[in-house]
Amino acid sequence: MTIRQTRSYCRICSAHCGVILSIDDSLNRIVDVKADKDNPMSNGYVCVKGLQAEEAHHGPARLLRPLKRQPDGSFTEIGSEQALDEIAARMRAILDQDGPQAVATFKGTQGTLFATHQIQHDFLTAIGSRQFYSTNTVDQSAKMVSFERQGGWAAGPQDVSTADVLLLIGANPIISHSTMPVISPDPLRTLRKEKDRGLKLICIDPRRTETAHHADLFLQPLPGRDAGIAAALIRLILDEGWEDKEFVARHVGADRIAELRQAVEPFTTEMVELSAGLEAGQLRAAAAMFARDSKRGGAFCSTGPCMAGFSNLTQHLVDTLNIICGRFRRAGEKAVVDVGLPEMTRYAEVIAPQRSWQAHPESRIRGIGQLGIDRLASTLAEEILTPGPGQIRALIVQGGNPAVCLPDQDKIFAALEAIDLLVVVDPYMTATARFADYVLPPTMMYERADLPISVAGFPPLLPTSWTQLAQPVLKHPEGSDLIEDWYVYWALARRLGVQIAFHGMPLDMDATPTTEGLIAIRLAGAQISLDQLKEDLKTHPAGKIYDPPSAVVQPASGSNARFDVMPEDVADELTRFGQSVMARAAEAGGGFSHLLISRRLNAVMNTLGTNLSGILRNMPDNPAYMSPADLEALGLEPGDQVEIASEHGRIEAAIQPDKTMRRGIISVAHCWGGTPDKPGVNVNKLVSTSSQVEPINAMPRMSAIPVNIRRRVPAEAVS
Ligand SMILES: Nc1nc2c(c(=O)[nH]1)N[C@H]1C(S)=C(S)[C@@H](COP(=O)(O)OP(=O)(O)OC[C@H]3O[C@@H](n4cnc5c(=O)[nH]c(N)nc54)[C@H](O)[C@@H]3O)O[C@H]1N2
Ligand SMILES: Nc1nc2c(c(=O)[nH]1)N[C@H]1C(S)=C(S)[C@@H](COP(=O)(O)OP(=O)(O)OC[C@H]3O[C@@H](n4cnc5c(=O)[nH]c(N)nc54)[C@H](O)[C@@H]3O)O[C@H]1N2
Ligand code: SF4
Ligand SMILES: [Mo]
């Protein structure tokens, strides 16, 4: 037995931790995973999820051959080319009968492969469909809405390595490895290092999170009150004169600042502290630490506030905080660069508001249309279930699990059951795959070539200018019939007789492309070529941090664009928020006792991991967490089954005490449950897609959900 050691990086989440894999070539098997200390971005950090690579790749849950659903609901194996022939024939019939909008794709968090992401769009373009759905619009798409309503800064935010202060609102990077684009890999050491240098950390979270544990200032409000908190901070900063006056004069203007000040007038410190359940003096302390005592840094929202009600408004006001304090990279500073994208000169100037959604046709569902390239995920079920022209009849799901990740699980189940053709590309038999007509298992991470997460037209998503070409380090498993993720689209286009222009380049529809070939095409015009990446691997086997000339921020190009800090619709949202939420005392209200919040667990990435014994051993399901005082008040013992009921639905979970929670809230991790044989419960049964939905991106209320909790009496105890 010879064991070979090889370097690669984990791509489960955007941290992209460098790993050293021990591979037994005689078995074509990973036998050990270690952190790679030489990786200049992750510095020898790896988490429990990345360490499960052996079971993930070689364990019993992995599908190795395509499956076809039988009339009785069971699945039988089918060859991949035969499956693609049948899928193409059924798709052709749907296209002929109902036209291109009847065919849709859904991309999840594991569908971000460098080649696949691109070809999915190119396939839809080739058949003439606009129906691209993804998890983006049930995540933090408030960021895009804010960017397009308020305008953005072309050179991006300031880096954590030069920051005096970091204000994190509903972000827990120590667990999520994700406060894009400032903190991702190796989060604890990164924060500690910067704190030793003098960084001040402010956390605002209803839970004293693993990250909040390191905060210099921790505010623990009720969830869903962040827009009020941000408005009060803006009011305080402007009244004290702690804003960056020069930046504001140049990039906002006195007229717009006056509108902003007027809009935040009702949000006095006292009122917001009372309504959000904060201690007196905390808002002033936060404003002073953020704006008076610090010159550099930034305020960042993550999923917490981006999922609570008024999420677009909250993100807008948090971005406004950065604007009035001028927390952006200036000319001469270094920016992070994604060398996998074309060179893009970064100017120290405002990108004007765009409101691109106004240019898209309205959807049939509540009139809500499209955000960037995304149709809105919370409308997908209704787009499938609502008859008439444009009804979706065929769906390809790639690297996602809509049956458990999308809000209103009952409705999405009904849609997945009803759809004529469902194709799921996934290495496992997921809750979504169970509804599929065809399940096509792809190669997994260490079996294929890839590059780090990168979206054309978007700023870099990683916190450094690191990149590394990932090469396949395992062969396809023996006896398997796997496809590369992108292949589905090429193979279907070929059978449908349409031409794919991949990244603008027409593909040969007779000769199967290779993954490397597609990567090379996507790199055409980028700052680095595939050949250069291969060369660099020889000298930098753990990837390289690039420092191209385009990294230096240039002076403004002459644009006169200004930030629109308080457009009319945002002012309206702020007024509605003030009247409906902040007018309330610090309690759930409306006949509900608690507010349910989102949370992420270290051991799983959304659903990924809930099928691995190495994870389930320590985390068999997803409990409901509550403060010990709330447990006592409700007469509950740890482990008791409780019913959690929202306006929309109800779930049952085992209750666990958690002293990090403030009173009056309960939290259950998302992406569990969904099928009778899958562990845990699904919080999306509590979420509605038709009430409490934001304008523009149709983002449902997925955090700060009012709920009632009661103990479930076991059936045998009821006589
Ligand atoms: N281990 C692990 N890592 C992951 C994932 C995973 O499932 N597991 N998922 C990945 C994905 S898809 C994403 S998008 C990122 C997300 O990354 P994060 O947004 O950092 O994810 P969370 O850890 O859920 O942090 C959200 C925080 O918001 C708080 N919160 C909830 N509601 C509110 C509110 O109304 N106001 C405020 N102020 N706070 C609130 C919660 O208590 C929680 O601490 O993580 C990624 N990384
Ligand atoms: N209530 C509530 N709902 C939420 C959230 C919440 O906080 N609360 N969070 C939301 C957010 S932020 C997100 S991003 C979504 C996450 O939603 P999803 O991204 O849909 O969830 P995942 O479980 O990560 O789905 C990834 C799928 O990809 C598969 N996979 C793994 N590797 C590969 C591969 O190489 N190729 C392919 N084709 N598939 C692969 C996995 O088996 C898994 O089925 O959930 C959203 N839903
Ligand atoms: S899942 Fe863990 S090991 Fe993998 S990239 Fe994310 S943080 Fe790193
Ligand atoms: Mo996400």
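When a ligand or atom number is given, it counts from 1 through the structure's own listing order. Because the structure is a prediction, the values reported are computed rather than measured. Excluded from the calculations below are hydrogen atoms, water molecules and symmetry mates; all remaining heavy atoms, backbone and side chain alike, are included.
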Please list, in number order, the atoms of ligand 1 under 4.0 Å from a heavy atom of [X].
X: Val604; result: 1 (N), 2 (C), 6 (C), 7 (O), 8 (N)
X: Leu601; result: 1 (N), 2 (C), 8 (N)
X: Gly224; result: 34 (C), 35 (O)

| field | His670 side chain vs Val683 backbone, donor-acceptor pair below 3.5 Å | value |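 Pair absent, no side-chain N/O of His670 close to backbone of Val683.
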
| Under 3.5 Å, is there a donor-acceptor pair between the side chain of Glu55 and the main chain of Ser613? |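 Such a contact is found between Glu55 side chain and Ser613 backbone.
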
Is the shortest N/O to N/O distance between [X] and ligand 1 below 3.5 Å?
X: Asp139; value: no
X: Ser302; value: yes
X: Pro206; value: no
X: Thr109; value: no
X: Gln140; value: no
X: Ser176; value: yes
X: Arg600; value: yes
X: Pro223; value: no
X: Thr179; value: no

Is there a side-chain contact between [X] and [Y], using heavy atoms and a 4.5 Å cut-off?
X: Val145; Y: Glu694; value: no
X: Leu168; Y: Ile202; value: no
X: Asn39; Y: Arg7; value: no
X: Thr137; Y: Met699; value: no

| said: What I want to find out is whether Arg599 reaches Asp658 closely enough, with some N-O distance under 4.0 Å, to be called a salt bridge. | reply: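 Judged by the 4.0 Å cut-off on N to carboxylate O distance, Arg599 and Asp658 do form a salt bridge.
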
Check for me whether [X] has a heavy atom closer than 4.0 Å to any atom of ligand 1.
X: Lys49; answer: yes
X: Cys13; answer: no
X: Arg599; answer: yes

| Contacts of atom 4 (Fe) of ligand 3 with protein N/O/S atoms, counting only those under 2.8 Å |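 You should have found Cys10 SG.
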
| For atom 44 (O) of ligand 1, the option (of Leu168, Ile175, Asp205, Asn172) bearing the nearest heavy atom |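 Considering heavy atoms of Leu168, Ile175, Asp205, Asn172, the nearest to atom 44 (O) of ligand 1 sits in Asp205.
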
| message | Out of Gly304, Pro187, Cys47, who is nearest to atom 33 (C) of ligand 1 when you count heavy atoms only? | response |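 Looking at heavy atoms only, the winner is Gly304.
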
| message | Show every salt bridge (charged side-chain N to carboxylate O under 4.0 Å, His left out) that has at least one partner inside residues 605-625, sequence neighbours left out. | response |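 Residue pairs with at least one partner in residues 605-625: there are none.
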
| request: State whether Phe290 and Arg327 meet the cation-pi test: NZ (Lys) or CZ (Arg) under 6.0 Å from the six-membered ring centroid, and within 45° of the perpendicular axis. | output: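 That pair qualifies as a cation-pi contact.
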
